[in-house]
Amino acid sequence: MLATEDALRLAEEAGLDLVEVAANAKPPVCKITDLGRMKYQTQKKAAEARKKQKTIEIKEIKMRPNIDSHDYEVKMKAVRRFFEAGDKVKLTLRFRGREMAHMELGMKLLNRVKEEVEPIAKVEAEPKLEGRQMMMVLAPRTT
């Protein structure tokens, strides 16, 4: 334990700065170091951490309730590819005209998708109707 004045004098003699490391500790912990260099190293660590983190995107797949089987397979292939990349998928079903009278077809289609991707994805937002669209959000399973 050193008096503040003594610590400041030692830092000045060494041509460095007295930096408070832990202010809440009893007594407060200080360190004699070059402040500019310390700030530079903290910035580098933060930049490195930002570079390594993966941003999760939400990819959207749009379908219609009476989608053809081949079109459905193409869309499902894209959904699987998005999950492999670690992205979330928002499935949107758009109803037009008289299709609004057959909501059960849309629900059946979304349940079919849910069952198909069950091993690789989990439902983050259950299917819900918003105006003329039915939406569901799926997220990749973490192992």
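What you see below is based on every heavy atom in this structure, not just the backbone, and it leaves out hydrogens, waters and symmetry mates. The shown structure was predicted, so the numbers you read here are calculated from the model rather than taken from an experiment.
- Partners of D87 under the salt bridge (Lys or Arg N to Asp or Glu O under 4.0 Å) rule, at least two apart in sequence or in another chain, are K54.
- Between the side chain of R141 and the backbone N or O of E118, at least one donor-acceptor pair lies under 3.5 Å.
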Item to check | Criterion side chain to side chain contact (heavy atoms under 4.5 Å, CB included) on Q133 and L93, from CA distance to verdict | outcome: CA-CA 5 Å; Q133 293 184 40; L93 256 116; over 6 Å; no
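- Here R37 pairs with D34, Q41 under the side chain to side chain contact (heavy atoms under 4.5 Å, CB included) rule; sequence neighbours left out.
- With hydrophobic clusters built from ILVMFWY side chains whose heavy atoms lie under 4.5 angstrom apart, V74 does not share a cluster with V89.
- With sequence neighbours left out, the salt bridge (Lys or Arg N to Asp or Glu O under 4.0 Å) criterion links E57 to K59.
- Side-chain contact between V117 and I120 is present, with at least one heavy-atom pair separated by less than 4.5 Å.
- For the atom pair CE (M136) and CG (L109), the distance works out to 8.5 Å, reported to the nearest 0.5 Å.
- Side-chain contact check for I61 versus K90: every heavy-atom pair is 4.5 Å or farther apart.
- Every residue two or more places apart in sequence or in another chain that forms a side chain to side chain contact (heavy atoms under 4.5 Å, CB included) with M100 is listed here: F95, M103, R132.
- Looking only at side-chain heavy atoms (C-beta outward), P65 and H102 stay at 4.5 Å or farther from each other.
- Here L16 sits in one hydrophobic cluster together with L2, L8, L10, L18, I32; the rule is ILVMFWY side chains under 4.5 Å apart, joined directly or through other members.
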- Query: Could you go step by step and tell me if M38 and Q43 meet the side chain to side chain contact (heavy atoms under 4.5 Å, CB included) rule?
  - Reply: CA-CA 9 Å; M38 193 171 146; Q43 280 180 337; over 6 Å; no
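- Expressed to the nearest 0.5 Å, how far CG of L110 lies from CD of E115 amounts to 11.5 Å.
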Give the C-alpha distance, both sets of side-chain angles, the deciding distance and a yes or no for side chain to side chain contact (heavy atoms under 4.5 Å, CB included) between V123 and K114. CA-CA 7 Å; V123 177; K114 192 191 314 184; 3.4 Å; yes
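- Every side chain to side chain contact (heavy atoms under 4.5 Å, CB included) that A25 has, sequence neighbours left out, goes to A22, V29.
- Grouping Ile, Leu, Val, Met, Phe, Trp and Tyr residues whose side-chain heavy atoms lie under 4.5 Å apart, directly or via other members, leaves I58 alone, with no other cluster members.
- For the salt bridge (Lys or Arg N to Asp or Glu O under 4.0 Å) test, no residue two or more places apart in sequence or in another chain qualifies with E84.
- For K39, there are no salt bridge (Lys or Arg N to Asp or Glu O under 4.0 Å) partners two or more places apart in sequence or in a different chain.
- A salt bridge (charged side-chain N to carboxylate O under 4.0 Å, His left out) check over residues 91-102, counting only residues at least two apart or in different chains, returns the pairs R64-E99.
- E48 meets the side chain to side chain contact (heavy atoms under 4.5 Å, CB included) test with K51, K52; sequence neighbours excluded.
- Taking both residues in full, the closest heavy atoms of P119 and E116 are given as CD-O, 3.8 Å, listed atom of the first, atom of the second, then distance.
- Looking at L138 and K88, their side chains never come closer than 4.5 Å, going by heavy atoms from C-beta outward.
- Residues in residues 2-18 take part in these salt bridge (charged side-chain N to carboxylate O under 4.0 Å, His left out) pairs, two or more places apart or across chains: D6-R9, R9-E13.
- A cation-pi contact, defined as under 6.0 Å to the ring centre and within 45° of the axis, links R112 to Y72.
- For the atom pair CZ (F82) and NZ (K77), the distance works out to 13.0 Å, reported to the nearest 0.5 Å.
- Within a 6.0 Å sphere centred on NZ of K122, other residues, nucleotides and ligands contribute more than 12 heavy atoms.
- Note that CD1 of I67 is 6.0 Å distant from NZ of K75, once rounded to the nearest 0.5 Å.
- Side-chain atoms of M76 and V113, non-hydrogen and from C-beta on, do get closer than 4.5 Å to each other.
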ask   = Given M63 and T92, is the side chain to side chain contact (heavy atoms under 4.5 Å, CB included) satisfied, shown in steps?
value = CA-CA 6 Å; M63 293 187 200; T92 306; over 6 Å; no
